[in-house]
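Note that the structure is a prediction, hence the values are computed from the model and not measured.
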Amino acid sequence: MTLKLYNTRTREVQPFEPLEAGNVRLYVCGPTVYDYAHIGNARPVIVFDLLFRLLCDIYGVDHVTYVRNITDVDDKINARAADEGVAIGDLTARTTAQFHDDIAALGALPPTMEPRATDHIDAMKAMIETLVAKGCAYAAQDHVLFEVASAPGYGGLSRRSVDEMEAGARVEVAPYKRDPMDFVLWKPSKSGEPGWPAPCGIAQKGRPGWHIECSAMAATHLGEVFDIHGGGIDLVFPHHENEVAQSTCAHGSDVMAQVWMHNGYLQVEGEKMSKSLGNFITIRDLLNEWPGEAVRLAMLASHYRQPFNWTETGVREAKRTLDHWYELTDSVEAASEAPREVLEALQDDLNTPKALAAMHELRHQASKGIEGAAAKLKAGGMFLGVLQQTHDQWTGWRPATFDLDEDEVGRLIEARLAAREAKDFTEADRIRDELATMGVALKDGPEGTSWEIAR
């Protein structure tokens with residue numbers, strides 16, 4: 001089956017053909033590292049991790065390059081460092097490590113490369129000077145700005161009119177701009193802010209604008225034109241639109257990336273996530289309450305292009321699903337490759353709902369003892385980025401707020417067993433109810449009684 005992907009640029013699902021079959025190139029916008037990443041950041045990490053796994057399966061792991069950047073120079077970083085009274089480098093190092101820990105718990109593989117913006121300042125300056133030399137950018141009052149009028153295809157990715165873009169760009173209207181739509185490539189640094197020698201003969205030290213960072217890092221590591229550029233739907237305009245304009249004008253190319261992919265918006269319990277609504281949730285918050293694999297599976301339940309509504313009901317159901325999958329695959333060796341039905345679903349524009357439907361059918365078959373079903377179930381789960389642990393590791397997970405006395409739980413389980421052996425079922429039921437009140441769920445099986453946190 002041919003891999004098909006929805007291309008935001010063409011608004012069509014189309015067969016994917018890499019520019020070079022032996023060198024498939026994927027770029028995804030990464031985090032701005034100033035705080036814990038929130039669950040909206042988790043969705044593109046999970047979506048494009050799954051795409052990376054699929055591309056490696058089709059073309060071979062040695063023939064896929066996945067670049068996800070780290071933005072470590074930004075106004076939010078400067079403000080947070082000042083508020084905390086810490087060095088900017090210390091802040092970005094700490095928050096980058098937090099990000100890595102959190103997404104590893106979500107089952108995300110490391111990208112092939114993870115460039116940092118501050119390591120690519122020279123590449124950004126070179127691109128800026130090329131744009132100025134080509135008449136696509138200009139210097140004014142210690143700034144360098146991209147002249148949108150020089151890019152005739154501007155707005156083509158987002159399909160917005162000039163009026164819509166002017167209304168929605170949230171650009172800084174400044175007297176030195178030739179047009180309100182022109183955007184910053186370079187700006188002067190204030191006292192105490194990070195700064196580098198400026199391009200274009202500007203005397204004052206400065207720093208790059210956000211958009212030029214990704215254009216320069218993508219070109220450095222993937223080339224002037226590459227296969228796939230991904231990110232959240234919120235980045236289509238202005239960030240990705242501006243990337244396209246800068247890159248195509250600088251390199252003289254028709255496109256920056258052949259395919260543009262964007263995951264849908266995220267809500268929390270049916271509402272937009274925001275600190276003012278009190279529903280702002282970080283990945284770390286979730287990981288304190290739920291296993292990372294449950295968070296991952298919950299997010300894969302919806303098609304990546306659709307809006308995703310995060311609910312406690314959804315993650316609870318994902319955990320219960322994984323409880324059953326782990327039971328069925330305990331001590332089972334995974335099949336040598338993921339099930340055909342799962343792979344075919346994913347090759348259809350990452351159709352995870354269809355892939356999970358195939359997994360549920362395998363679960364049904366494994367429950368009935370059909371030969372090979374459990375091995376396929378395990379292989380499919382591992383391909384999706386779950387079932388990465390042993391059964392004991394999975395059942396041994398505890399939330400960060402866990403404060404039960406496990407010795408007391410064990411004593412009560414032994415007392416219940418003794419009551420059952422004495423046929424005192426009233427006492428056995430009372431102990432089960434006591435444990436349930438404590439938040440403990442019991443599982444009776446041929447090998448004895450186990451327990452887990454009731455969620």
SG-CG distance between Cys56 and Leu109, expressed to the nearest 0.5 angstrom = 8.0 Å
If you look at every heavy atom in Arg25 and Leu222, which pair is closest and at what distance?
-> NH1-O, 2.7 Å
Would one find more than 12 heavy atoms of other residues, nucleotides or ligands at under 6.0 Å from atom CG of Asp83?
-> yes
Begin with the C-alpha distance, continue with both residues' side-chain angles, and end with the deciding distance and a verdict on salt bridge (Lys or Arg N to Asp or Glu O under 4.0 Å) for Asp90 and Arg94.
-> CA-CA 6 Å; Asp90 292 342; Arg94 185 186 80 223; over 6 Å; no
Between the main-chain N or O of Glu193 and the side-chain N or O of Asn78, is there a donor-acceptor pair closer than 3.5 Å?
-> no
Distance col, row Asp348:CG vs Tyr6:OH, nearest 0.5 angstrom, shows 14.0 Å
For Asp57 and Leu343, what are the C-alpha separation, side-chain angles and deciding distance, and is it a side chain to side chain contact (heavy atoms under 4.5 Å, CB included)?
-> CA-CA 9 Å; Asp57 183 72; Leu343 293 177; 4.0 Å; yes
Which heavy-atom pair separates Leu384 from Arg296 by the least distance, and what is that distance?
-> O-NE, 2.7 Å
Paired with Pro199, the side-chain contact (heavy atoms from CB on, under 4.5 Å) test is passed by just one of Glu129, Met127, Met124, namely Glu129
List the steps and the verdict of side-chain hydrogen bond (donor to acceptor under 3.5 Å, both in side chains) for Thr10 and Gln14.
-> CA-CA 9 Å; Thr10 62; Gln14 53 193 163; 3.2 Å; yes
Among Thr71, Asp72, Asn69, the one residue meeting side-chain hydrogen bond (donor to acceptor under 3.5 Å, both in side chains) with Arg116 = Asp72
Return yes when atom NZ of Lys376 has more than 12 non-hydrogen atoms of other residues, nucleotides or ligands closer than 6.0 Å, and no otherwise.
-> no
Mark yes or no for whether Thr352, through its side chain, and Ala355, through its backbone, hold a donor-acceptor pair below 3.5 Å.
-> no
Pairs under 3.5 angstrom only: tabulate donor-acceptor contacts from the side chains of residues 256-268 to other protein residues two or more places apart or in another chain.
unit_1 : atom_1 : unit_2 : atom_2 : d
His262 : ND1    : Thr8   : OG1    : 2.8
His262 : NE2    : His240 : ND1    : 2.8

Residue pair Lys319, Asp323: steps toward the salt bridge (Lys or Arg N to Asp or Glu O under 4.0 Å) verdict = CA-CA 6 Å; Lys319 183 181 182 300; Asp323 287 342; 3.3 Å; yes
Is there side-chain contact between Ile233 and Leu235, with at least one heavy-atom pair below 4.5 Å?
-> no
Are the side chain of Asp330 and the backbone of Glu327 linked by a donor-acceptor contact shorter than 3.5 Å?
-> no
Kindly say whether the aromatic ring centers of His221 and His120 come within a distance under 6.0 Å.
-> yes
Compare all side-chain heavy atoms of Leu157 with those of Val236 and state whether any distance is below 4.5 angstrom.
-> yes
Hey, are the side chains of Leu322 and Leu297 touching, using non-hydrogen atoms and a 4.5 Å cut-off?
-> yes
Heavy atoms of Val225 and Ser253 approach each other most closely as CG2-CB, 3.8 Å
Is a donor on one side and an acceptor on the other found under 3.5 Å between the side chain of Thr329 and the backbone of Val332?
-> no
Could you verify whether a donor N or O on one side chain and an acceptor N or O on the other, from Trp210 and Asn242, lie under 3.5 Å apart?
-> no
Kindly give the heavy-atom pair with the smallest separation between Ala301 and Leu356, and that separation in Å.
-> CA-CD1, 3.7 Å
Would you sort out whether Glu312 and Arg316 count as a side chain to side chain contact (heavy atoms under 4.5 Å, CB included), showing the intermediate values?
-> CA-CA 6 Å; Glu312 186 167 313; Arg316 181 179 292 108; 2.8 Å; yes
Can you name the side chain to side chain contact (heavy atoms under 4.5 Å, CB included) partners of Glu224, sequence neighbours left out?
-> His251
Which word best sums up how the rings of Phe183 and Tyr154 line up, parallel for under 30°, tilted for 30 to 60°, or perpendicular for over 60°?
-> parallel
Under 4.5 Å between any side-chain heavy atoms of Leu5 and Val13, yes or no?
-> no
Might you work through the side-chain hydrogen bond (donor to acceptor under 3.5 Å, both in side chains) test for Gln246 and Ser215, ending with a clear yes or no?
-> CA-CA 7 Å; Gln246 297 163 160; Ser215 284; 2.8 Å; yes
Any Tyr59 side-chain heavy atom under 4.5 Å of Glu20 side chain = no
For Pro194 and Ser189 the tightest heavy-atom approach is O-OG, 2.6 Å
Qualifying residue for side-chain hydrogen bond (donor to acceptor under 3.5 Å, both in side chains) with Glu293, from Tyr326, Trp325, Trp397 | Tyr326
In Å and rounded to the nearest 0.5 Å, what is the CZ to CG distance from Arg284 to Leu287?
-> 7.0 Å
Is the backbone of Tyr36 close enough, under 3.5 Å, to the side chain of Asp102 for a donor and an acceptor to pair up by distance?
-> no
Polar contact flag, side-chain donor to acceptor under 3.5 angstrom, Thr65-Thr112 = no
Any Leu362 side-chain heavy atom under 4.5 Å of Pro339 side chain | yes
Asp349 vs Arg305 side-chain heavy atoms within contact, under 4.5 Å | yes
Tyr66 and Val24: CA distance, side-chain angles, deciding distance, side chain to side chain contact (heavy atoms under 4.5 Å, CB included) verdict = CA-CA 8 Å; Tyr66 173 22; Val24 183; over 6 Å; no
Give a yes or no on whether the backbone of Ile46 and the side-chain of Asp49 come within a donor-acceptor separation of less than 3.5 Å.
-> no
Between the side chain of Thr96 and the main-chain N/O of Ala93, is any donor-acceptor distance below 3.5 Å?
-> no
To the nearest 0.5 Å, atom OG1 of Thr95 lies from atom CD1 of Ile70 at 8.5 Å
Atom CG in Leu346, atom CG in Leu3: separation rounded to 0.5 Å?
-> 9.5 Å
Residues His63, Asn23; criterion side chain to side chain contact (heavy atoms under 4.5 Å, CB included); working and verdict = CA-CA 5 Å; His63 302 293; Asn23 183 24; over 6 Å; no
Please check if any side-chain donor atom of Glu241 sits under 3.5 Å from a side-chain acceptor atom of His211, or the reverse.
-> no
Does CD belonging to Glu17 count more than 12 external heavy atoms closer than 6.0 Å?
-> no
State the CD1-CZ distance between Ile39 and Phe280, to the nearest 0.5 angstrom.
-> 9.0 Å
Is any side-chain heavy atom of Cys29 less than 4.5 Å from a side-chain heavy atom of Cys214?
-> yes
Pair Lys187-Asp75, salt bridge (Lys or Arg N to Asp or Glu O under 4.0 Å): steps then yes or no = CA-CA 11 Å; Lys187 56 187 173 183; Asp75 291 341; 3.3 Å; yes
Val255 versus Thr248, closest heavy-atom pair with distance = C-CG2, 3.6 Å
Does Lys134 NZ have over 12 foreign heavy atoms under 6.0 Å away?
-> yes
Does Tyr27 have Arg68 sitting over its ring (NZ/CZ under 6.0 Å from centre, angle to axis within 45°)?
-> no
